[in-house]
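The residues of the chain are indexed from 1 along the displayed sequence. Predicted model, so just to flag it, every value in this text is computed and none were measured. Side chains are part of it too, since the values below use all heavy atoms of this structure and drop only hydrogens, waters and symmetry mates.
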Amino acid sequence: MVTLEARDVPGLRRFYRALGWAELPGGDDGRVGFLLAGVLLVLRPAAGTDGAAGGAMLTCTVTGPRQVDSACVAAVAAGATVLAEPADHPEGGRSACVADPEGNRWEIAWAPLARWRTEGGQAPPAAPAAPAPAEPHRAGAELLHDHGASDEVVAAQLVAAGGNGPGWAVETLLCAARTARREGRPEQAVDFLRRALAEPLPPARRGGVLTELGSLEVTLGPADRALGVRHLAESVRLEQSDVSVFKAANALGTALAARGQTSVALEVMEELAERFTGHPELAWAVQVAAALIASHDGHSWLETVDRLRRLAATTPARPAPAVRVLLAEFDSTSGRLSAAEAAAVAREVTVEPLDPFSRTYVLASAATLAQWADELALADRLVTEGLTGHRGPLVDPGYQSLLSVHAESLVMRGRYRELLEACHGWGVLVGPPARPAPSGVGNAHLVAQAVIALTETGRAAEARRLADSVVVDGSHGSWEWNEFLYARGLLSLAEGDPAGALDDLSECGRGQVARQVTSPVVTPWRSAAADCQLLLGRPAAAVALATEELAAARRWGTPRCVGRALRALGTATGGRSGLATVEQAVALLRTAGTDPELIAALAAHGRLLVAAGHLTAARGALREAARHAERIGAGRWCAVVAALLAAAGARRATASQTGAHALTGSERRICALAAQGHSNPEIAALLHLALRTVETHLTNSFRKLGVRRRTELAGRLAAEPAVPDR
């Protein structure tokens, strides 16, 4: 909105009318508005008593009070000066005022049915102008719609107008909501969906809007979460198709479980199962959804798995793929299956035709099994297939499991920067480089992976802030919470607090044992706890933990699990025997294709070689560890290995941070696009990144490659191929 303070409002009004501009209804010679393809031009008398024109005020209108603050923060970050801090108004609304670097005033304003003014950079007056009627907004919406404005621009006018709109209002609001959600503006999407509910809707359509709205609301603040649960419950009660009710109940159950109301969530799913007794595919899907929801509570989880076993044993037909793969997950974690057997189940169930109701669950569980079995290419394919094909709510437990598999797979391979970029998009991390779309909010497992990635990249202070921000809430007792305890334990260990780390790791172990999780494929807490015990001067306890983990790892049978346990046992044992054990770990982990475990084993090998007096061999092992750590950006290990190299008598050398091999995966992808002639905004759009992220990566890449112009990139990249990510 542009406001002009005029010496002669009637004269200026006649001028703009003579141009043929569309005047909004309700105006007069005291204040009048013209709608110009989405921009509102307002004329009002000059504030000065001498009749001098007061200049222009530019106004950015937003659709919610929270957006006033975020827009103000963004403006200040770009170089604006605050003239009036964000403030609520007694009669409703919220606004702020900033000035750009040349002093031009910008008002940021929100009001349900009113327009607010900030005078001369000061806070709005105590007695504001009367609210503008809804009719101008409704008329504005119709004008914008007829002139082909975007759905979001038209929807913003409909929100301001309130009440019932034209016949096309619902579709416009829903399209605008989906765009806002897709582009990471959940609060705006919620505003549009709430406005859509004010329109007359048939029960089935209303139920769909309620499900979409509630699924978004439960990812926001406490007040919104409570309202989201009510909206989802209302959706379940409406007369809808079986599929729609299934989606709504699934989202409701997940939301309830996340709030610690697992028993209530399971009651919802039980009622749903009774409704679908004549629909076998949906009935099985409900059972699997209930099992995933039950995982938020250890006791409920074991009861649900037991019930699924009984159902599978008593049903004449072969159990559905969703049930078979879920039971295989449980058997893998409890030590009943080997990695080869688990991978076979993953392949078997995903070549069968999958019903649309349980498809996401099957792909999520199969991807989990494949990842645990170190079949990472298969896991990646199943995750991609599941995420791209998902059509339900983002809080769907199957969808959240897919995000978890993807996150853990990146951590396993040491692709920490890639994970942290994804965490911004999921809403796990807030702030730069992107505004979050909260698809992963409330998922403690994603937070755990972010904590690990921040720790390993040498950003322990950020990792601690993130870990301290987590509230136990309803996730306590869930598998996600045990994963978080494991991650927080690793953080404390990296911070030099083995006692604190041991507390978290031991609690993680107790939680896992209570869930009958004995395999180290999920949370290898015993290996980390052994490291803590050794640092605390208790080698016997360390050996006992590592020995127990090695036995479980050998039952599972992957090089990664066995190599990690051998590393822990060799470190705890020490001496010649320990050195030989760690050498086995290094040899095994070189075949695993997961750098983080290999780096740890090489560092342990170097440390034991130094203790044995084999300094030349120690330097060789440690330099290999340093190369791997530098390549994946593992800043913590770079520092640890540098200290060990100094102890081994190595001359201080500047770590190689130049050349194409020093580029991260993200940096190389961005450089490749830049070399092809794409601009920074085009690269940001192609890779779904913030523009600032692209600029930062290019700055770092230019430094590493020793180039000054984009035209030099292609030749530099071709001259020195990078080591491929594994």
Side-chain angles (χ1 to χ4, degrees), residues 281 283-296 298 300-315 317-355 357-383 385-386 397-406 408-409 412 445 478-480 482-483 512-513 515-524 552-558 560-561:
E281 288 183 343
W284 277 118
V286 170
Q287 294 292 342
V288 175
L292 291 175
I293 289 170
S295 68
H296 286 272
S300 299
W301 164 243
L302 296 177
E303 284 187 341
T304 301
V305 169
D306 186 56
R307 184 175 70 252
L308 286 177
R309 286 197 192 282
R310 291 197 306 271
L311 283 171
T314 56
T315 302
R318 190 182 190 193
V323 176
R324 301 204 313 270
V325 73
L326 192 65
L327 292 176
E329 269 197 77
F330 180 83
D331 289 342
S332 296
T333 59
S334 60
R336 294 179 173 90
L337 288 182
S338 67
E341 292 167 328
V345 173
R347 291 191 179 89
E348 174 189 298
V349 296
T350 51
V351 298
E352 298 181 30
L354 300 176
D355 68 82
F357 313 115
S358 58
R359 178 179 179 276
T360 303
Y361 306 132
V362 174
L363 292 174
S365 290
T368 299
L369 292 175
Q371 176 200 286
W372 288 347
D374 288 355
E375 299 279 353
L376 299 183
L378 174 60
D380 289 345
R381 179 175 65 79
L382 296 175
V383 166
E385 186 178 339
Y399 181 83
Q400 292 297 316
S401 294
L402 287 167
L403 293 183
S404 292
V405 175
H406 180 51
E408 192 163 339
S409 177
M412 282 171 54
H445 180 262
S478 68
W479 66 269
E480 296 102 320
N482 290 333
E483 293 263 9
Q512 295 292 55
V513 170
R515 298 170 64 86
Q516 297 185 20
V517 176
T518 59
S519 174
V521 71
V522 184
T523 46
R554 282 178 168 150
R555 285 197 296 274
W556 181 246
T558 59
R560 180 171 60 91
C561 276

Least distance between heavy atoms, [X] atom then [Y] atom:
X      : Y      : answer
Ala364 : Gly398 : CB-O, 3.6 Å
Ala343 : Ala373 : CB-CB, 4.0 Å
Trp372 : Val522 : CZ2-CG2, 3.9 Å

Just by distance, do the side chain of Ser365 and the backbone of Val362 share a donor-acceptor pair under 3.5 Å?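 The answer is no, because no donor-acceptor pair under 3.5 Å joins these two groups.
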Under the salt bridge (charged side-chain N to carboxylate O under 4.0 Å, His left out) rule, collect the residues that match up with Glu375, sequence neighbours excluded.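 Residues passing salt bridge (charged side-chain N to carboxylate O under 4.0 Å, His left out) with Glu375: Arg347.
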Who passes salt bridge (charged side-chain N to carboxylate O under 4.0 Å, His left out) against Arg554, sequence neighbours left out?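 Result, salt bridge (charged side-chain N to carboxylate O under 4.0 Å, His left out) vs Arg554: none returned.
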Quick one: [atom1] on [X] to [atom2] on [Y], what's the gap to the nearest 0.5 Å?
X      : Y      : atom1 : atom2 : result
Asp306 : Arg309 : CG    : CZ    : 8.0 Å
Gln516 : Asp331 : CD    : CG    : 10.0 Å
Arg515 : Thr333 : CZ    : OG1   : 8.5 Å
Thr523 : Trp479 : OG1   : CH2   : 11.0 Å
Arg560 : Asp374 : CZ    : CG    : 4.5 Å

Listed by chain and number, what are the side-chain contact (heavy atoms from CB on, under 4.5 Å) partners of [X], not counting sequence neighbours?
X      : value
Ser409 : Gln371, Leu376, Asp380, Arg413
Ala367 : Leu382, Val383, Val405
Ala328 : Leu337, Val345, Leu369
Ser519 : Val521, Trp556

Looking at residues at least two apart in the chain, or sitting in another chain, which of them share a side chain to side chain donor-acceptor pair (under 3.5 Å) with [X]?
X      : value
Thr360 : His390
Glu408 : His445
Arg336 : Ser334
Arg324 : Glu348, Glu352

With side chains defined as the heavy atoms from C-beta onward, is the minimum distance between [X] and [Y] less than 4.5 Å?
X      : Y      : value
Ser404 : Tyr399 : no
Glu341 : Ser338 : yes
Thr350 : Glu385 : no

Consider side-chain contact (heavy atoms from CB on, under 4.5 Å). Of Val325, Leu326, Leu327, which one does Val323 pass it with?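 Answer to the side-chain contact (heavy atoms from CB on, under 4.5 Å) test with Val323 among Val325, Leu326, Leu327: Leu327.
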